[in-house]
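Input: a single structure, listed below in structure tokens.
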There are 2 protein chains.
Amino acid sequence: MSLEKILDEFSPEAEALVRLNLAISKLNGIFLDLGNELFRPIGMTNARSQVMGAIDIAGVPLTAAQIARNMGLSRQSVQRIINILVDDGLLVLEDNPHHKRASLVKITAAGEEKILQIREVLFRWSEQVASNFKIGGLEQGLGLLQSLSDYLEQSSVSTFNNRG
Amino acid sequence: MSLEKILDEFSPEAEALVRLNLAISKLNGIFLDLGNELFRPIGMTNARSQVMGAIDIAGVPLTAAQIARNMGLSRQSVQRIINILVDDGLLVLEDNPHHKRASLVKITAAGEEKILQIREVLFRWSEQVASNFKIGGLEQGLGLLQSLSDYLEQSSVSTFNNRG
DNA sequence: GCCATAATGACAGTATGTTGGCATTAGATA
DNA sequence: TATCTAATGCCAACATACTGTCATTATGGC
């Protein structure tokens, strides 16, 4: 049985949604592999670079739980990565005057240097792809994904409540 | 430092690519959670349903390695899932007349039943979302993702050669 | 037919993510 | 104040995916 056959009785919109799901899963895998490949030369992985980026973007020291919420990940996943990055000397945990257990995560000098390298890698990759893959509608496609993201997130709030 | 600041010096296309990467990573997480939630009542997970679907779509018995190639995943990841599904009685391994080690994966009667349940779940979810999330350009967005997928896959062939 | 090469499956190890349980801390409320 | 609830970090277990190594099996060139 082919995919066409399976989606035969689906409405066009429903079919597009299912195909979108498959396309995103595939593209996500590609981006993951690509990212890990790109960041390897600077001793980083996709996940670790993203955590560093999230902390950098925030601009102020946050707790692990706050960072996790910002990233839409579970508390423990981010905590694990943070502990690794602390071991690597890219982050430090500082006492939080407002909470004895929830220490604040701060970027070290080595961490700042690493963030510059991450940006450089990102810049080179994206400019190179952008100059070769010239297909219009990138912005519109991006907008579509973001509204779908928002819709699904909002429509299944219950799913996103209990994370850790 | 904000994301806007970080992407400041990027060309608009490069910026869109980076944002697309983030959007896809997020949407993928949402789809993953959603899928696992949807398939739980029928005792399945996202990954297992997708492997069942891939075998179903093929229409003829394949080896684990062939299924993995079709899905764009590594041989071992799919092998692991297949072994679980065999234990669950949804798949059986048959002797392959052309290869003593590479046995053919076939769907059992229980597996066929499970596939019907998977389709039903997929149908209900996609029709329900499609009727609530009415945003045009789904097909165009899908096309964009697929060409980007193809481009990235082709442009980094070396990355995809050694998988298992 | 022989031998180098590729493909396959099992096993082990790693990375990323989730969940659950637990003790501790903060905060809100009676 | 006392107490209940929520939040936080640690630990352990699991799910998904990748890689590397190994023995076995095909396959193709000589």
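Model, not experiment: these values are computed from the prediction. Within every chain, numbering begins at 1; the chains are lettered A, B, ... in the order of the sequence lines, protein sequences first and strands thereafter.
For the pair B:Leu62 CG and C:dT8 C1', the interatomic distance rounds to 14 Å; values are reported in whole Å. Computed from coordinates, the A:Asp95 CG to C:dA26 P distance equals 11 Å when rounded to whole Å. Computed from coordinates, the A:Asp33 CG to D:dT16 P distance equals 18 Å when rounded to whole Å. Look at CD1 on B:Ile82: it is 8 Å from P on C:dG9, rounded to the nearest Å. Straight-line distance from the CZ atom of B:Arg40 to the P atom of C:dT18: 13 Å, rounded to whole Å. Distance B:Asp87 CG to C:dA10 P: 11 Å, rounded to the nearest Å. Per the geometry, CD1 belonging to B:Ile67 stands 13 Å off C1' belonging to C:dG9, to the nearest Å. When rounded to the nearest whole Å, the span between CG of B:Leu93 and P of C:dT8 equals 15 Å.
Ranked by how close their nearest DNA chain C nucleotide is to the 5' end, A:Asn96 and A:Ala47 are led by A:Ala47.
Using a 4.0 Å heavy-atom cutoff across all strands shown, A:Asn83 reaches sugar-phosphate atoms only and no base atom.
The shortest distance between the side-chain N/O atoms of A:Ser74 and the OP1/OP2 oxygens of C:dT18 is below 4.0 Å. Contact annotation: A:Asn36 side-chain N/O to D:dA17 OP1/OP2 distance is not under 4.0 Å. A:Thr63 has no side-chain polar atom (N or O) that falls below the 4.0 Å cut-off from OP1 or OP2 of D:dA7. Close to D:dT8, at under 4.0 Å from its OP1 or OP2, lies a side-chain N or O of A:Arg69. Contact annotation: A:Ser77 side-chain N/O to C:dT16 OP1/OP2 distance is not under 4.0 Å. A sub-4.0 Å separation between OP1 or OP2 of D:dG9 and a side-chain N or O of A:Arg75 is absent.
Distances were taken from every side-chain heavy atom of A:Arg80 (C-beta onward) to each of C:dA10, C:dT16, C:dT8; the shortest belongs to C:dT16. The side chain of B:Arg48 lies closest to D:dA15, out of D:dT8, C:dA15, D:dA15. For B:Gln76, taking side-chain heavy atoms from C-beta onward, the closest of the listed nucleotides C:dG9, C:dA15, D:dG9 is C:dG9. Listed nucleotides: D:dT8, C:dG17, D:dC18. Nearest to the side chain of A:Ile81: C:dG17.
Using bins of under 30°, 30° to 60° and over 60° for the plane-to-plane angle, the ring pair A:Phe133/B:Tyr151 lands in the tilted bin.
Results of the side-chain contact (heavy atoms from CB on, under 4.5 Å) test with A:Ile55 over A:Leu85, A:Leu62, A:Leu91 single out A:Leu91 as the only residue that passes.
No side-chain donor-acceptor contact under 3.5 Å links A:Gln146 to the backbone of B:Ala23. In this structure, the side chain of A:Thr63 does not engage the main chain of A:Leu104 through any donor-acceptor pair within 3.5 Å.
Put simply, the side chain of A:Gln79 and the base of D:dC10 share no donor and acceptor less than 3.5 Å apart.
Nearest heavy-atom pair, A:Gly141 versus B:Leu144, reported as atom, atom and distance to 0.1 Å: CA-CD2, 4.0 Å.
For the atom pair A:Asn46 CG and A:Asn36 CG, the distance stands at 5.0 Å (nearest 0.5 Å).
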